[in-house]
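Since we're looking at a predicted model, the values are computed, not measured. All chains are named by letter (A, B, ...) in the order of the sequence lines, taking the proteins before the strands, and each is independently numbered beginning at 1.
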Number of protein chains: 2
Amino acid sequence: MTKSSHSGSEDKRCEGNFMLALTDTLNVVSGKWKLPIIGTLMDGKMRFKQIENHIPNINSRMLSKELKDLEANGIVTRTAYNTVPVCVEYELTASGYSVLPVLEVMVDWGRGHRQNIIGQ
Amino acid sequence: MTKSSHSGSEDKRCEGNFMLALTDTLNVVSGKWKLPIIGTLMDGKMRFKQIENHIPNINSRMLSKELKDLEANGIVTRTAYNTVPVCVEYELTASGYSVLPVLEVMVDWGRGHRQNIIGQ
DNA sequence: CTGAATCCCCCAGGATACTG
DNA sequence: CAGTATCCTGGGGGATTCAG
């Protein structure tokens, strides 16, 4: 180890790019719509309108904005076809699909926490 | 299974309280200060001022607000001593300590995602 | 030392209308 | 169909001051 005279798990937490990697994940997982969108696309490639129909209360502005953000972050891919009317398909990348296990860990923690609270 | 004629992992995702548990976790993990606070307390019981000193740029208002929120959510416990001046200690609950593995999974995903992006 | 009270700013997110 | 352009609001978060 380098220095650190105090105990705890600080070394592991502060090591390298812990915070960077964590905020990367948070950027994908937080906000109101990113998770519903990713969840919807877990069922496979889908068009703009389909996604919109699968997510209650979202509007096209929000969906467009979030999809653009997810694309910029390498979570979804966008494919446009020169048809008329236009058709655009969105699909999760490998990274996109791989958030599912992360979600499951988070869900497990949430459930365990509720158990802790109830049986306090 | 109940119904659902379509493929994918939707059944698992929509099952029971998936979303509830997920948002429970998100409430603990998102926001600007909750994670730094939890991370700081991973080193053990600590006083208000100590926590404040461990977290750059936080102010007492934010720290107080977040700690109150974390206490209300069963993530930290608060113990006040009738000394003068007053002394208050905060400590993670079992749930609080148990978010560490969750963070590590999130960090792993973040690192893997960076690898995916780089080696695209 | 440990907060509570006030005031303020910014922006995520919503509503609506419009276009290629 | 797949977005863009505007306008608007609430609340997360900051700075400062005061109090027990």
Side-chain angles (χ1 to χ4, degrees), chain A residues 19 22-41 43-73 75-92, chain B residues 19 22-41 43-73 75-92:
Chain A
M19 276 305 170
L22 193 50
T23 52
D24 279 356
T25 307
L26 257 359
N27 284 337
V28 168
V29 133
S30 57
K32 189 172 182 179
W33 299 116
K34 292 207 177 61
L35 240 30
I37 291 170
I38 294 172
T40 298
L41 287 174
D43 287 332
K45 191 185 304 186
M46 215 172 287
R47 303 180 53 176
F48 189 91
K49 191 68 172 184
Q50 289 180 281
I51 305 174
E52 195 174 359
N53 289 336
H54 272 74
I55 304 178
N57 300 325
I58 199 172
N59 61 44
S60 63
R61 189 183 98 89
M62 278 301 115
L63 182 55
S64 174
K65 214 162 74 82
E66 298 296 289
L67 282 172
K68 191 176 296 182
D69 197 89
L70 290 170
E71 189 194 3
N73 282 315
I75 307 300
V76 306
T77 59
R78 197 191 99 115
T79 316
Y81 299 94
N82 282 331
T83 58
V84 44
V86 290
C87 165
V88 181
E89 283 183 338
Y90 291 90
E91 187 173 19
L92 291 179
Chain B
M19 275 306 171
L22 192 51
T23 52
D24 280 355
T25 307
L26 256 0
N27 285 336
V28 167
V29 134
S30 57
K32 189 172 183 179
W33 299 117
K34 293 206 177 61
L35 240 30
I37 292 170
I38 293 172
T40 299
L41 287 174
D43 287 332
K45 191 185 303 185
M46 215 171 288
R47 301 181 52 177
F48 188 91
K49 190 68 172 185
Q50 289 181 282
I51 305 175
E52 194 174 0
N53 289 336
H54 272 73
I55 304 179
N57 300 325
I58 198 171
N59 61 43
S60 63
R61 189 183 100 89
M62 277 302 114
L63 182 54
S64 174
K65 215 161 74 82
E66 298 296 288
L67 282 172
K68 189 179 296 181
D69 197 89
L70 290 171
E71 190 195 1
N73 283 315
I75 306 299
V76 306
T77 58
R78 197 190 99 115
T79 315
Y81 299 94
N82 281 333
T83 60
V84 45
V86 289
C87 166
V88 181
E89 283 184 339
Y90 291 91
E91 188 174 17
L92 291 179

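Side chain of B/Asp69 to backbone of B/Lys65: no donor-acceptor contact under 3.5 angstrom is found. Between the side chain of A/Asn73 and the main chain of A/Ile75, no donor-acceptor pair closer than 3.5 Å is present.
Picking from D/dG14, D/dT4, C/dG3 the nucleotide with the shortest atom distance to the side chain of A/Lys68 gives D/dT4. Distances from the side chain of A/Ser64 to the nucleotides D/dT4, C/dC1, D/dC1 place D/dT4 closest. Ranking C/dG13, D/dG3, D/dG14 by closeness to the B/Met62 side chain, first place goes to D/dG14.
Between the P atom of D/dG3 and the CD atom of A/Glu89 lies a distance of 12 Å, rounded to the nearest Å. Whole-Å rounding puts the B/Glu52 CD to C/dG3 P distance at 10 Å. At whole-Å resolution of the value, CD in A/Gln50 and C1' in D/dA2 are 13 Å apart. Taking atom CG of residue A/Asn57 and atom C1' of nucleotide C/dG13, one finds them 13 Å apart after rounding to whole Å. Separating the CG atom of B/Asn27 from the C1' atom of D/dG11 is a distance of 15 Å, rounded to the nearest angstrom. Atom pair B/Ile51:CD1 and C/dC1:C1' shows a separation of 13 Å (rounding to whole Å applied). Atom CD of A/Glu71 is separated from atom C1' of D/dG3 by 13 Å (rounded to the nearest Å). Taking atom CG on B/Asp69 and atom C1' on D/dG13, their separation rounds to 13 Å, with Å as the unit.
Side-chain nitrogen and oxygen atoms of A/Ser60 include none within less than 4.0 Å of the OP1 or OP2 phosphate oxygen of D/dT4. Phosphate proximity of D/dG14 to B/Trp33: present, with a side-chain N or O under 4.0 Å from OP1 or OP2. For the OP1/OP2 pair of D/dG3 and a distance below 4.0 Å, the side-chain nitrogens and oxygens of A/Arg78 include at least one atom meeting the criterion. Within the 4.0 Å cut-off from OP1 or OP2 of C/dA4, not a single side-chain nitrogen or oxygen of B/Arg61 is found. At D/dC1, none of the side-chain N or O atoms of A/Thr83 fall inside 4.0 Å of OP1 or OP2 (strictly under the cut-off). Close to D/dG14, at under 4.0 Å from its OP1 or OP2, lies no side-chain N or O of B/Lys65.
Note on B/Val86: a base of the nucleic acid sits closer than 4.0 angstrom, heavy atoms only. Among the atoms of the strands shown, only primed sugar atoms or phosphate atoms (P, OP1, OP2) are found under 4.0 Å from some heavy atom of B/Tyr90.
Residues B/Asn59 and B/Met62 form a side-chain contact, since some pair of their non-hydrogen atoms from C-beta on lies under 4.5 Å apart. A/Phe48 places a side-chain heavy atom less than 4.5 Å from the side chain of A/Leu67.
Note that CD1 of B/Ile51 is 4.5 Å distant from CG of B/Leu41, once rounded to the nearest 0.5 Å.
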